[in-house]
Amino acid sequence: MPRQVNTKEKILECAFGLYGKPRMSEISLSEIAAKAGISKTAIFRHYKNKEELMEKMREKFFEAFALMISQLDDSRKPYNLKGVERAVRCIFDFCQNYPNYLSYFLQVSLSDELLTEGVNLVLLDNGINVINEDVFKDKKNFVAQNMVPSFFQHTLLHFLILAFCSMKDVVKINDIERYKTKVSELIYSGLGKKKNPISDERKKELDERCKLQLESDEKTNRFFNAFIQLMQDNRSSKITVEKIAAALGMAKSSIYSFFANKNDYLMNMLFQETERVCAILKEKSAAAKNPDEAIYIMMRTQANYFALRPQVIMLHGYFIFQEAALAPEDAKAFEKKAAELFKSISLAGIAPAAFDFPVNNNSVLFVKWVSGLTVSFMLMGTKYNFPPEWLDFYVSTVFEMIECGIKYIKNDGDIA
């Protein structure tokens, strides 16, 4: 006989189920009650308020995540190809069995420090090291090996989002088992290149080429200025048309003469920012003599851009890590726009032959991965306040891992 689920557990399961569909609004107790087939009042017989329910959801997620990680009995530093593939397949299977948990994590993690810190603690308890604040206190302790777990996690998360969230409608996967193998190989071996595909002398030339001097137009762009402020003060699910109107000093009805709804506003702001970055990349990428240099220029230019405009890092990070919140039609609209921009700046052709994922659009997938890694590490650097002079180390090390994978990092932290 199937196990009987009591009402308290049912409420939790229904709450997780609501995260299964893309959304940019907060989940309400009324929605949970309707899905559970009970009254909103009945929820308070089991949870005293919404905060307690959210806390129990966090606990339930941790329990499931910790159980999954514990199955990797040889998980301590799984940095050989076999260990990487075991970890990748274990986490993929977990997300495949519990897709709502991944969507929940993506939609809540940026605004819930307890959730993200808890995940890191689970990983640490099982011997999988994560970047922590102590790394940034002493430059002598900041070695390339510290970047391995973050590269592992950011790459894995990127391909999980593609496989199980709204992006699966944009880049279709033809063979999920082969896809898992390719993710593992990409983490471990990168593009299969030799170390230092670009000489130090040439890197210096490209670094000079990628320097930026930005002229801000945000003072005259009221909508974007208001958006940045709202993103800093709220997560997107708490941004409402009323808050947009208040930030602009406009009547709510006036907003609808410019945008159809809140999602239309958010997507327009993202398009505007993407166009700005791509215009800069188009200019800088003209210096590339080969695909390796094109990748390096893309990373270095974006890193410089975010260093000069730190207020927009959260915007880019949001749409990378919370693509589960984008409705399929919004994701497709954005990807169509992004693909057009990539093509216009000749980035669509930089995906190397080694990046042969079983998908219908390797070019888009490749550019998104490289760009996503840059944003992810810039977000991490912002969180831990790493000094600007360490940007060179960041870009060079992540570029080396894209080219060669994590296998070039020895256990003692030196580059192999």
Side-chain angles (χ1 to χ4, degrees), residues 142 144 147 151 154 190-218 272-313 315-317 320 337-355 363-382 386-404 408 415:
F142 191 76
M147 302 287 280
F151 179 84
H154 293 323
L191 300 177
K193 301 287 186 71
K194 293 182 179 179
K195 187 180 174 296
N196 298 326
I198 303 175
S199 70
D200 290 342
E201 183 179 355
R202 180 57 177 162
K203 276 186 181 179
K204 287 180 181 178
E205 293 176 6
L206 295 178
D207 289 343
E208 194 64 30
R209 168 79 181 183
C210 294
K211 286 183 178 179
L212 301 176
Q213 287 184 331
L214 301 178
E215 294 182 9
S216 176
D217 61 354
E218 288 171 20
Q272 178 178 311
E273 179 64 15
T274 303
E275 286 178 349
R276 181 171 184 160
V277 174
C278 284
I280 295 170
L281 286 173
K282 182 175 183 178
E283 176 198 348
K284 301 299 182 182
S285 62
K289 295 179 179 179
N290 53 56
D292 294 321
E293 291 190 1
I295 296 168
Y296 185 81
I297 289 172
M298 181 166 67
M299 291 184 61
R300 169 61 73 176
T301 301
Q302 284 185 298
N304 289 345
Y305 179 84
F306 292 127
L308 290 174
R309 300 186 76 222
Q311 70 272 30
V312 302
I313 297 177
L315 163 63
H316 288 262
I320 287 174
K337 182 77 170 180
E340 291 171 357
L341 291 168
F342 292 155
K343 186 176 181 179
S344 73
I345 58 178
S346 302
L347 286 180
I350 70 172
F355 193 86
S363 296
V364 170
L365 180 58
F366 181 76
V367 173
K368 282 183 63 63
W369 173 58
V370 174
S371 180
L373 280 175
T374 307
V375 174
S376 299
F377 278 99
M378 291 301 291
L379 273 171
M380 187 176 71
T382 299
F386 73 90
E389 60 267 24
W390 291 3
L391 196 63
D392 292 347
F393 176 83
Y394 258 63
V395 173
S396 294
T397 304
V398 177
F399 174 72
E400 293 287 353
M401 285 193 280
I402 286 173
E403 295 281 304
C404 313
Y408 87 107
I415 297 176

Can you tell me how far the CG atom of L391 sits from the OG atom of S396, to the nearest 0.5 Å?
-> 9.0 Å
Which atom of T301 lies closest to which atom of C210, heavy atoms considered = OG1-SG, 3.3 Å
State which residues pass side chain to side chain contact (heavy atoms under 4.5 Å, CB included) with E208; sequence neighbours excluded, sorted by chain then number.
-> K211
Start with the C-alpha gap between M299 and L373, add the side-chain angles, then the distance that decides, and say whether side chain to side chain contact (heavy atoms under 4.5 Å, CB included) holds.
-> CA-CA 9 Å; M299 291 184 61; L373 280 175; 5.9 Å; no
Please list, chain by chain and in numerical order, all residues satisfying side chain to side chain contact (heavy atoms under 4.5 Å, CB included) with A288, sequence neighbours excluded.
-> E293, A294, I297
Walk me through it: do D207 and Y296 pass the test side chain to side chain donor-acceptor pair (under 3.5 Å)?
-> CA-CA 9 Å; D207 289 343; Y296 185 81; 2.6 Å; yes
Please step through side chain to side chain contact (heavy atoms under 4.5 Å, CB included) for the pair L281 and Y305, ending with a clear verdict.
-> CA-CA 10 Å; L281 286 173; Y305 179 84; over 6 Å; no
With a 4.0 Å cut-off, would you call E273 and R276 a salt bridge?
-> no
Go through the steps to decide whether R300 and D392 satisfy the test side chain to side chain contact (heavy atoms under 4.5 Å, CB included), and finish with yes or no.
-> CA-CA 9 Å; R300 169 61 73 176; D392 292 347; 3.1 Å; yes
Which word best sums up how the rings of F355 and W369 line up, parallel for under 30°, tilted for 30 to 60°, or perpendicular for over 60°?
-> parallel
For K193, what residues pass the side chain to side chain contact (heavy atoms under 4.5 Å, CB included) criterion, not counting sequence neighbours?
-> L191, D292, E403
If you measure from CZ on F399 to SG on C404, what distance do you get to the nearest 0.5 Å?
-> 8.0 Å
Indicate the atoms forming the closest heavy-atom contact of A303 with T374, along with that distance.
-> N-CG2, 3.9 Å
Looking at side-chain heavy atoms only, is the closest gap between I295 and F366 below 4.5 Å?
-> yes
Begin with the C-alpha distance, continue with both residues' side-chain angles, and end with the deciding distance and a verdict on salt bridge (charged side-chain N to carboxylate O under 4.0 Å, His left out) for E201 and K204.
-> CA-CA 5 Å; E201 183 179 355; K204 287 180 181 178; over 6 Å; no
Please assess K289 against R202 for the test side chain to side chain contact (heavy atoms under 4.5 Å, CB included), listing each intermediate value before the final yes or no.
-> CA-CA 11 Å; K289 295 179 179 179; R202 180 57 177 162; 3.6 Å; yes
Donor-acceptor pair, side chain of K203 and main chain of I198, under 3.5 angstrom = no
